[in-house]
Amino acid sequence: MSVMPSAKPTKTIFGSRLRAAREDRGWTQGKLGAVALGIEDENNGASRISRYEGGDRLPDPETLQALADALGMPAVYFHATNDLMADIILQVSKLPQKSQRQVLEHIKGLAAKRTPG
């Protein structure tokens with residue numbers, strides 16, 4: 001029985017979130033490359049996704065959107081500056097647009113109470 005080498009640590013928030021989202025779907029790097037980017041050769045797809053996850057490269061905006069769409073997540077989630085904001089983005093994105101507006105109004109109300117004035 002062969003043992004897979006452990007994944008290299010990621011250097012970026014983007015890479016960490018991309019890897020976690022891919023693994024949550026149970027996809028290999030090659031599968032994500034195929035689904036999101038249309039790279040049919042699994043080795044080429046895996047290599048490209050590995051560079052994104054490792055922080056060696058960042059995707060251009062169109063590629064980022066394709067990755068996010070394939071994973072069913074908002075693109076902005078991958079660049080949130082902290083885990084709390086990332087979770088807020090992810091949870092709000094799951095709501096219908098009317099509920100998203102309600103959440104936004106609630107947040108605005110909370111923020112207004114904190115603003116000295």
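- Going from atom NE2 of His79 over to atom CE of Met85 covers 15.0 Å, rounded to the nearest 0.5 Å.
- Taking the side chain as every heavy atom from C-beta outward, Arg48 and Asn44 never approach each other to under 4.5 Å.
- Taking the six-membered ring for Trp and thresholds of 30 and 60 degrees, Tyr52 and Phe14 have ring planes more than 60 degrees apart, a perpendicular arrangement.
- Between Gly45 and Ile39, the shortest heavy-atom contact is N-CG2, 3.4 Å.
- In this structure, Ile107 is not a member of the same hydrophobic cluster as Leu90, with clusters built from ILVMFWY side-chain heavy atoms closer than 4.5 Å.
- Just one residue in the list Leu71, Leu58, Ile89 forms a side chain to side chain contact (heavy atoms under 4.5 Å, CB included) with Phe78, and that residue is Leu71.
- Residue Ala75 comes nearest to Gln65 through the heavy atom pair CB-OE1, 3.7 Å, listed as atom of the first residue, atom of the second, then distance.
- The main-chain N or O of Gly30 is never found under 3.5 Å from a side-chain atom of Glu42 such that the two would form a donor-acceptor pair.
- Distance check, rounded to the nearest 0.5 Å: CZ of Arg25 to CE of Met73 gives 9.0 Å.
- Both Ile88 and Val103 are part of a single hydrophobic cluster, where members link through side-chain heavy atoms under 4.5 Å apart.
- A 4.5 Å side-chain heavy-atom check between Asp56 and Lys11 finds at least one atom pair inside the cut-off.
- For the residue pair Asp60 and Thr63, a side-chain donor N or O sits within less than 3.5 Å of a side-chain acceptor on the partner.
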Evaluation steps, side chain to side chain contact (heavy atoms under 4.5 Å, CB included), between His106 and Gln102 = CA-CA 6 Å; His106 182 70; Gln102 291 171 336; over 6 Å; no
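- Residue Glu23 holds its CD atom at 11.0 Å from OG1 of Thr28, rounded to the nearest 0.5 Å.
- Salt-bridge check for Asp83 with Arg17: passed, with a basic side-chain N closer than 4.0 Å to an acidic carboxylate O.
- Hydrophobic clustering keeps Val92 apart from Val76 (ILVMFWY residues linked when any side-chain heavy atoms are closer than 4.5 Å, directly or through intermediates).
- For the atom pair CG of Asn43 and OG of Ser50, the computed distance is 11.5 Å after rounding to the nearest 0.5 Å.
- Taking a cutoff of 4.0 Å between a charged side-chain nitrogen and a carboxylate oxygen, Arg22 and Glu53 qualify as a salt bridge.
- More than 12 non-hydrogen atoms from other residues, nucleotides or ligands lie less than 6.0 angstrom from CD of Gln91.
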Please step through side chain to side chain contact (heavy atoms under 4.5 Å, CB included) for the pair Ile49 and Leu67, ending with a clear verdict.
-> CA-CA 10 Å; Ile49 299 301; Leu67 292 166; 3.7 Å; yes
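- A side-chain donor-acceptor contact under 3.5 Å links Ser16 to the backbone of Thr12.
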Derivation of the side chain to side chain contact (heavy atoms under 4.5 Å, CB included) call for Leu18 and Leu32 | CA-CA 10 Å; Leu18 181 64; Leu32 179 57; 4.0 Å; yes
